[in-house]
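Here's the structure, in structure tokens; my notes come after.
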Amino acid sequence: MTSENTRDDEDTFNILLATDIHLGYMEKDAIRGNDTFVTFDEILKCAKENEVDFILLGGDLFHDNKPSRRTLHSCMELMRKYCMGERPIVFEILSDQAVNFSNSKFPWVNYQDENLNISIPVFSVHGNHDDPTGADGLCALDILSCAGLVNHFGRSRSVEKIEISPILLQKGNTKISLYGIGSIPDERLYRMFTNKQVVMLRPKEDENSWFNLFVIHQNRSKHGATNYIPEQFLDDFLDLVVWGHEHECKIAPVRNEQQLFYVTQPGSSVVTSLSPGEAVKKHVGLLRIKGKKMNLQKIPLHTVRQFFINDVVLADHASLFNPDNPKVMQKIEAFCNEKVEEMLEQAERERMGNSLTPEKPLIRLRVDYSGGYEPFNMMRFVQRFVDRVANPKDVVHFFRHRDQKDKKDDENINFDQLVNRTSSEVMQLRVEDLVKQYFETAEKSVHLSLLTEQGMGKAVQEFVDKEEKDAIEDLVNFQLEKTQRFLKERHIEAAEDKIDEEIRRLRESKKTTAEEEEEVQQAISKAKAMRGQPSSFVDDVMDVSEDFGMDSDDSGPPPSVSTRGRGRGRARAAKSQAPAARGRGRGAASQMEPKPTGRGRSYKKPLISPSKNMSILDAFNSSSQRPSRSSAPPKSEEIIIDDDSDDDASFSQPSKPNQRASRVSSKTSSQSQSLKGLCFEDDEDEVGWISFFLSHTCFHRAVAASQTV
């Protein structure tokens, strides 16, 4: 980085840098609900006052993957207020915009749209909080892009290879090659870098005259073997890297002596975790580029809520606190009160003269009570600070270091270690890593037998981070369906050990490949696309199972049950009659199993199935106790549904028995078993019992494991 200041002239780019704004964070909190919007207003106002050419955001503009209407409205309101106007744009884009913005329905920069009047263009990559998801692969930035407020770039749909085509900008004699890559799971991107599958394209003409600027939103600090992106992975022709995702403000450019480029980490503009890294003063950067020279000016943010954190180790004050003293708890409480008061006084001194800073600061006192001490009453302690701090419930945090066991094979999760992680580690603590760590240390009895830890972790991440409530169920159903097809194609024998062996082989075959990662996205996308259609995989499995326990003769007389209409309350069917039943249903009723026609959900008689722990052989043996296909059903049966919902219905069995004597063969009992295992009357029986086994064994195991996590 040159120390020579660049002049604001026709050859100088003025760029405002900011990352991790997290709009909508704690928006429902009575005290902190407006913090993100107030600070975003200050950032945009700063850009307008400094007459920047454009704003460059490093991801996580929104805190939630599905921001609320209030958050979206506030964001669009502020952008329209500050980024639209008559001020002319004095730089041009030389690259193919159809390539740079290929994922947009309007593949061109917003200030060139004849229907818009943009004064400050905003360029942004997506982060891990607002990344694309769903069947259409949309994110909140796509909404702003469609509205003409943001130029969303750096998105890649491929999981095999990434080609980063730069946006080529020119102002006077200064040319910038702007690269960007939105958030991608660190393990995947790490693997792609090591396999040389990430390519940065360079301009063909005079490539050394371009200032190469790269925006990335990934882990910078190491959290695992592959859970970060080393700076050495990036190309050495880069001049400056803007690193998002890390919340600690390290905006002063740092030179990488190996790759010979500079790295700036603007950090977040709002405190999202009460950790030491968030206590660093927040800034945005004003970047000036002229030719191959640059200058970065730090601009402090005055509307950010103050945050002070302090650590206390009681064992270091043995002269003050004796664990055997009956009044030691009162002394500890008084000591902690004094520490909190000191931080409040410091906050008051720093806030003097700055009316933009919120009045109530964030205070955090971490107390290590190892050594025989006990924590005091938290509720009583925080009552004295309710009107003075913005986080009264989180002022004091007690933790204790446990003695490490000498056993080398003890790999249990150390939750105390998780509490005391550094700020960057706390921010990057991911749910899929916790899932993987759980299954690695869990007992063998709760290990996954059909899914992999990677797939389950990704599904749980979709459930937690993206609020995809059916993500786990969609993955399980998709995997069950795929496994059934696999077993059917291989003509697996209907024996439990054979099925378990093939399932284990299938699982191990994809455990170390990228197939599982793609499979999760495929399952969720397929489920979303199919959601709303009348048929589903679960219904198909139940239908197959019913073919073996509750068959009805297709040639029998039509049922006399009418199910059209709606009603509330309790409906009962007479023993020997078939009156019209209220409620909603679908399908056609049969003699053995009435399936009422109509709209809405369907009712199916529960199948008497084995318990969760029953083996496949036990399930087969229990089939001999079921009524044969030739046996007649009871003359009358009453099924009563007592529900408080709007869709109550009752069904009565027809009194006429079902005649299937002509389809019964005398060979059924004599050929029920063979040397290879159990035989079936036809292929449908075998497929059905495989479906039954997978549905009642693998499904319960996977769901139980996910619930445990």
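With sequence neighbours left out, C249 forms a side chain to side chain contact (heavy atoms under 4.5 Å, CB included) with I251, V280, H283.
Under a 3.5 Å cut-off, the side chain of T39 and the backbone N or O of D35 do form a donor-acceptor pair. No donor-acceptor pair under 3.5 Å is formed between the side chain of N128 and the backbone N or O of S183. Formation of a donor-acceptor pair under 3.5 Å by the D29 side chain with backbone atoms of M26 is not found in this model. Without hydrogens or angle criteria, N322 side chain to D324 main chain gives a donor-acceptor distance under 3.5 Å. Side-chain atoms of Q218 come within 3.5 Å of backbone N or O of I184 as a donor-acceptor pair. Using modelled atom types, no side-chain atom of R400 and backbone atom of Y373 make a donor-acceptor pair closer than 3.5 Å. Checking side-chain atoms of Y25 against main-chain N and O of V270 turns up no donor-acceptor pair under 3.5 Å. Although no hydrogens or angles enter the test, the distance criterion places no donor-acceptor pair under 3.5 Å between the side chain of Q297 and the main chain of L287. Put simply, the side chain of Q265 gets close to the backbone of E248: a donor and an acceptor are under 3.5 Å apart. Between the side chain of N219 and the main chain of N227, a donor-acceptor pair closer than 3.5 Å is present.
Shortest non-hydrogen contact noted between G371 and P323 is O-CG, 3.8 Å. Residues H152 and C139 come closest through the heavy atom pair CE1-SG, 3.7 Å. The two atoms that bring A140 and P67 nearest to each other are CB-CG, 3.8 Å, heavy atoms only. Nearest heavy-atom pair across D53 and P121 is O-CD, 3.2 Å. Listed here is the closest heavy atom pair of A18 and I43: CB-CG2, 4.4 Å. Heavy-atom minimum distance, K360 versus V386: NZ-O, 4.3 Å.
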Worked verdict on F54 versus N14 for side-chain contact (heavy atoms from CB on, under 4.5 Å) = CA-CA 7 Å; F54 63 90; N14 296 304; over 6 Å; no
Evaluation steps, side-chain contact (heavy atoms from CB on, under 4.5 Å), between R305 and I31 | CA-CA 11 Å; R305 191 175 296 275; I31 301 176; 4.0 Å; yes
With side-chain contact (heavy atoms from CB on, under 4.5 Å) as the test, would you mind laying out the steps for V215 and L178 before giving the verdict?
-> CA-CA 8 Å; V215 185; L178 177 60; 4.2 Å; yes
Full working for side-chain contact (heavy atoms from CB on, under 4.5 Å) between S221 and Y228 | CA-CA 6 Å; S221 56; Y228 76 113; over 6 Å; no
Please step through salt bridge (Lys or Arg N to Asp or Glu O under 4.0 Å) for the pair R388 and E348, ending with a clear verdict.
-> CA-CA 11 Å; R388 302 175 62 188; E348 182 65 25; over 6 Å; no
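No side-chain heavy atom of V241 sits less than 4.5 Å from a side-chain heavy atom of N256. Contact annotation: the side chain of I216 never approaches that of Y179 to less than 4.5 Å [non-hydrogen atoms, C-beta and beyond]. The side-chain heavy atoms of E246 and S268, taken from C-beta on, include no pair separated by under 4.5 Å. At least one side-chain heavy atom of C75 sits less than 4.5 Å from a side-chain heavy atom of L144. Counting heavy atoms from C-beta on, the side chains of F308 and L362 never come closer than 4.5 Å. Inter-residue side-chain proximity for L57 and V125 is flagged as unmet; no heavy-atom pair is nearer than 4.5 Å. Contact check for H317 versus F335: side-chain heavy atoms found under the 4.5 Å cut-off. L61 is listed as a side-chain neighbour of L23, based on a closest heavy-atom distance under 4.5 Å.
The number of heavy atoms from other shown groups lying within 6.0 Å of CG (D387) does not exceed 12. With a 6.0 Å radius and a threshold of 12 heavy atoms from other residues, nucleotides or ligands, E359 has its CD atom at or below the threshold. Environment of NZ in K281: crowded, with over 12 heavy atoms of neighbouring residues, nucleotides or ligands closer than 6.0 Å.
Using modelled atom types and a 3.5 Å distance limit, the side chains of H129 and N65 yield no donor-acceptor pair. In the model, D41 has a side-chain atom that pairs as donor or acceptor with a side-chain atom of Y82 under 3.5 Å. Using a 3.5 Å distance cut-off with no hydrogens or angles, the side chains of R384 and N337 do pair a donor with an acceptor. In the model, E42 has a side-chain atom that pairs as donor or acceptor with a side-chain atom of T303 under 3.5 Å. H217 and H126 share no donor-acceptor pair across their side chains, judged by distance under 3.5 Å alone. Side-chain contact, S68 with T71: a donor N or O sits under 3.5 Å from an acceptor N or O. Between T357 and N354, the side chains place a donor N or O and an acceptor N or O closer than 3.5 Å (distance only, hydrogens not considered).
Using a 4.0 Å cut-off between a side-chain N of Lys or Arg and a carboxylate O of Asp or Glu, D142 and R155 qualify as a salt bridge. The pair E51-R87 does not meet the salt-bridge criterion, since no charged nitrogen lies less than 4.0 angstrom from a carboxylate oxygen. Taking a cutoff of 4.0 Å between a charged side-chain nitrogen and a carboxylate oxygen, K331 and E333 do not qualify as a salt bridge. With respect to the salt-bridge test (charged N to carboxylate O, under 4.0 angstrom), the residues E278 and K282 qualify.
Between the CD atom of E77 and the CZ atom of F37 there is a distance of 10.0 Å, given to the nearest 0.5 Å. Atom CG in L44 sits 11.5 Å away from atom CD in E49 (nearest 0.5 Å). In this structure, the separation between CG on L286 and SG on C46 is 7.0 Å, given to the nearest 0.5 Å. The structure places CG of L17 at 14.0 Å from NZ of K298, a figure rounded to the nearest 0.5 Å. Summarising the geometry, atom CZ belonging to F153 is positioned 12.0 Å from atom OG belonging to S145; distances are rounded to the nearest 0.5 Å.
Aromatic ring orientation, H63 versus H22: tilted (interplanar angle from 30° to 60°). Using cut-offs of 30° and 60° on the angle between ring planes, the pair F376 and F381 is tilted.
Between F261 and F214, a ring centre-to-centre spacing not shorter than 6.0 Å is recorded. For F399 and Y369, the ring centers are positioned 6.0 Å apart or more.
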